[in-house]
Amino acid sequence: MEIQNNLPTTFEPAETENKWYDIWLRNKSFKPKKGKQNKTFTIMMPPPNVTGKLHMGHALDATTQDTLIRYKRMKGFETLWIPGTDHAGISTQAVVEKLLWKEEKKTRHDLGRDEFLKKVWSWKEEYGSEIVNQQKKIGVSCDWDYSTFTLDEVPNKAVKKFFVMLYNEGLIYQNDYIVNWDPILQSAISDAEVDHKDVKGFFYHVKYKVKETGEEIVIATTRPETMFADTAVAVNPEDERFSHLVGKTAIIPICNREIPIIGDEHVDIEKGTGCLKVTPGHDFNDFEIGKRHNLPIINILNKDGSFNENAPEITGLKPKEARAKVEELLGELLVEKKEHLNSVGHGERSGEIVEPIVSKQWFVNINKMAEESVRAVEDGDMTFFPKGWENTYFSWLRNPKDWCISRQLWWGHQIPVYYCDNSHQWAAEEHPESCPHCSSTNFTQDPDVLDTWFSSGLWPLSTLGWPDEEKMKELRFDDFYPNSVLVTGFDIIFFWVARMMMMSQKVTNQVPFKDVYIHALVRDKQGRKMSKSLGNGIDPIEMINQYGADAMRFTLAAGSGYNRDLNLDPERIEGYRNFVNKLWNAFRFVYPFLDKASDTLPTKSEWHLHDKWILAELNDVAKKMNDALDIYRFDDASSAIYQFVYDKFCSWYIELSKNILYGDDEKAKVIRATMLKYCFKKIVTLMHPMTPFITEEIWSYLSSNDEKLIDQEYVEFEDKLVNNEVLEMMNKFIEVTSGVRNIRASVNLKPKDEVDVRLFTDDKDLAKFIYESRHFLKDLANVKSGKIKSKAADRPKKSASFATTSTEIFIPLEGLIDINEQISRIKKEMDKTQVDFQKNEGKLNNQNFVQNAKPEVIAEVKEKADQLYEKLNSLKLILKSFED
RNA sequence: GGGCGUUUAGCUCAGCUGGGAGAGCGCUACCCUUACAAGGUAGAUGUCGGGGGUUCGAUCCCCUCAACGCCCACCA
């Protein structure tokens, strides 16, 4: 039979992907539509930085969310996926500053704030959409009309509204506080933005003189250069060596300033020398000690990290040079210098050592909000998947520290606080006309901007229009808030998840999302984090170009469950590309028969056993996939459909269909073609959330109208399709077929060599089915002829043989086979079966087992033992047949 | 120092409330069989990190040891 088939032998992703993405957009398929569930399903996309380039983490983010969105859309939820981008204060400003320097040799200060911000905006307009275009390549089905930028008008209103609200409640306050100062960014950064790294340094012992007694005490420090900012020496009041000194005065060497000696519990008697120099201006612990003892604060650092005139001997020097200078100046007063591994804070963005500096900053008191957010998870208002991540969340929120929200940058939401020339201070949502206290029109706005996370924290609200009432109506805040699920990585549970919870709860008294699915961190195949410096990053766009978006998506989905790492090897993408191609070729097989197929299933009485079987298997996959996707087990869903397509549909159902489709029975052909078409529709429907492009492409050949797969209903589990008898029968048939193939392989028969088989079974239904399937056996195992007899019958002599639990298989091949080889093969099989059998039989003979185990377990073991016993007997008979 | 997690076939990993040790990739042999060589058929591979305990029964629960990873805090 000549087959008309003009489909390419391999699936070509590039064209198909672009084509369908455009069609979906044109058809407005990504817009929310009322469905049969009469419920909404909302996800907001974690907004990537405008400066960003799409990396594998984004790709995973996008894939898992898109899979969920497409799944829920097909399930009949009114689905909204909100995209957006983040202004990313620090990194965007840095990118533009760098560019400005490169092109014009100017700094932002040369331009001034307004001019500089104009530059950043125009940069954003030009390059900010690159990452969005990359997202589209992945196939994200979000509603682009909802797209929001964190510096848009609405988020800006949200930020101001929230700020003013907390300011007026006294929860936002300004304070001199010791903060992490990044000398490169020249801004304060929050604790969470500091990475601690071990740095080789030294432990110094330095002599200070006691003024009153003339004694010398030795203090221990890792940073001698900060001695110019010392405002006390502290000892533990319980320390017998030094307690008599409390209340006396110490003299700092070099600058000879006098400072008090105080007693403080913080000092560890065991550590160092027991004497501690207290530098409240440049050390977090010392700052606390200073507060307890009302010590003055001296700042000896400039904004760029160099020393200022408060440390005259080292003014202008950077810490490293300063330390060398101080060592020199100390001379003999430096009594010891030991190597020491020190954990030093580094700016997450700049990589530079951060300096603790006391400065005026804005803080949010989060105590109360944190409590509420802890409670929400404890009460199950919000649930983490996997559950373990709630520990990370709790550990941070149960020990809340005030959040430093001011940043000394220009690019961002400017703090809505104003100062008038009569030193009044107030916060306002709208730019004021005059001071509300004294009506002065001479006022300035605080120059600082807010931490990026301050606006990100309000994302669930601002993306739906809050606080602008008209916008909220237009964007349907009430329908889509709270979100259904947040999908993100564990690295931003503190930064983002916790803050969205606190801020959203504060505003709405509701959690911002019901579930949080924390996906894995993508690493390279050796488990290393992908990083620029290692050069081990895998570019998702490159992977898409090479293997197709579907293959990449399926790989990421198959690797995503409740794991915390996803080690990605491009070879795996290649493997799943092969799978996508397999599906394509399966479709190429079906394609020429589509014109025979009907769109309605034949009546049940006309179903072949194969049909009942594949529908039962299909039903089983539908259940597995629905169950898995409902709880974010993308890995289970992927592996279920993968196994079905390869091991059930392609290997058996299609193979078994050839005999019918290439045969003469026209009616049977129509039925089989119809069944194949039906199955294919279900398969591409099931797979669509993971691999949208190829499935939509195949659907276009299967659908009789212009409807798109993206809008179809998902496949649900149906009770009436469960059919265990048929499953059992087919499994036995498959076992027998494989048995024949196994024998063929064992005697090195070529595929072309036909065989004559003798089957012995007492299962009458099976015997009947195999008899009816004799033509199929010819196709599947090149069986030319055969006989089926009961086990009471005589076995043929000197045959290659094999036994399944139901059937003995003999292939008479006298003269062609190596008897000894056959005997050893059977013996090996016997040994294996014997071990298995004894394991089960042993249990049954164990009184304790029989008395204690659950009845269904006992029944299972018994059945297993019976089957193995039968197989064992069959194998014995086969062996005997060689001896005769 | 506190917390979390990991350790299962050469590699990457799955194994739900204890009752058959699995998948993918890789590997071996044979095959370009008319959907697919990005394929097919058959096959090999594991003291489930070590030790102890609970149990009729432990990859799964408990204790302990070891290795590795991550997070937080701190290190004068």
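In the text below, chain A, chain B and the rest are named by the order of the sequence lines, each starting its count at 1.
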If only side-chain N and O atoms of [X] are considered, is one of them under 4.0 Å from the OP1 or OP2 phosphate oxygen of [N]?
| X | N | answer |
| --- | --- | --- |
| K843(A) | G20(B) | yes |
| N563(A) | C13(B) | no |
| N399(A) | C72(B) | no |
| K854(A) | G19(B) | no |
| Y393(A) | C72(B) | no |
| T10(A) | C36(B) | no |

Give me the one residue out of T392(A), V497(A), N391(A) that meets side-chain contact (heavy atoms from CB on, under 4.5 Å) with F384(A).
V497(A)

Sorted by position of nearest nucleotide on RNA chain B, 5' first, the leading residue of Y562(A) and A586(A) is Y562(A)

Ring centroid separation F680(A) to F649(A) under 6.0 Å:
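For F680(A) and F649(A), the ring centres are under 6.0 Å apart.
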
Going by modelled atom types, is there a donor-acceptor pair between the base of C31(B) and the side chain of K750(A) at under 3.5 Å?
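No pair found.
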
Taking atom C1' of C36(B) as reference, at what distance in whole Å does atom OH of Y646(A) sit?
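Taking atom C1' of C36(B) as the reference, OH of Y646(A) is at 9 Å.
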
Describe the nucleic acid contact of F494(A) in one word from base, sugar-phosphate, nothing, applying a heavy-atom distance below 4.0 Å.
sugar-phosphate

Does U59(B) have a Watson-Crick or wobble partner in any strand here, with both distances under 3.5 angstrom, and which is it?
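No nucleotide pairs with U59(B).
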
N578(A) side-chain proximity, nearest of G43(B), A38(B), G19(B)
A38(B)

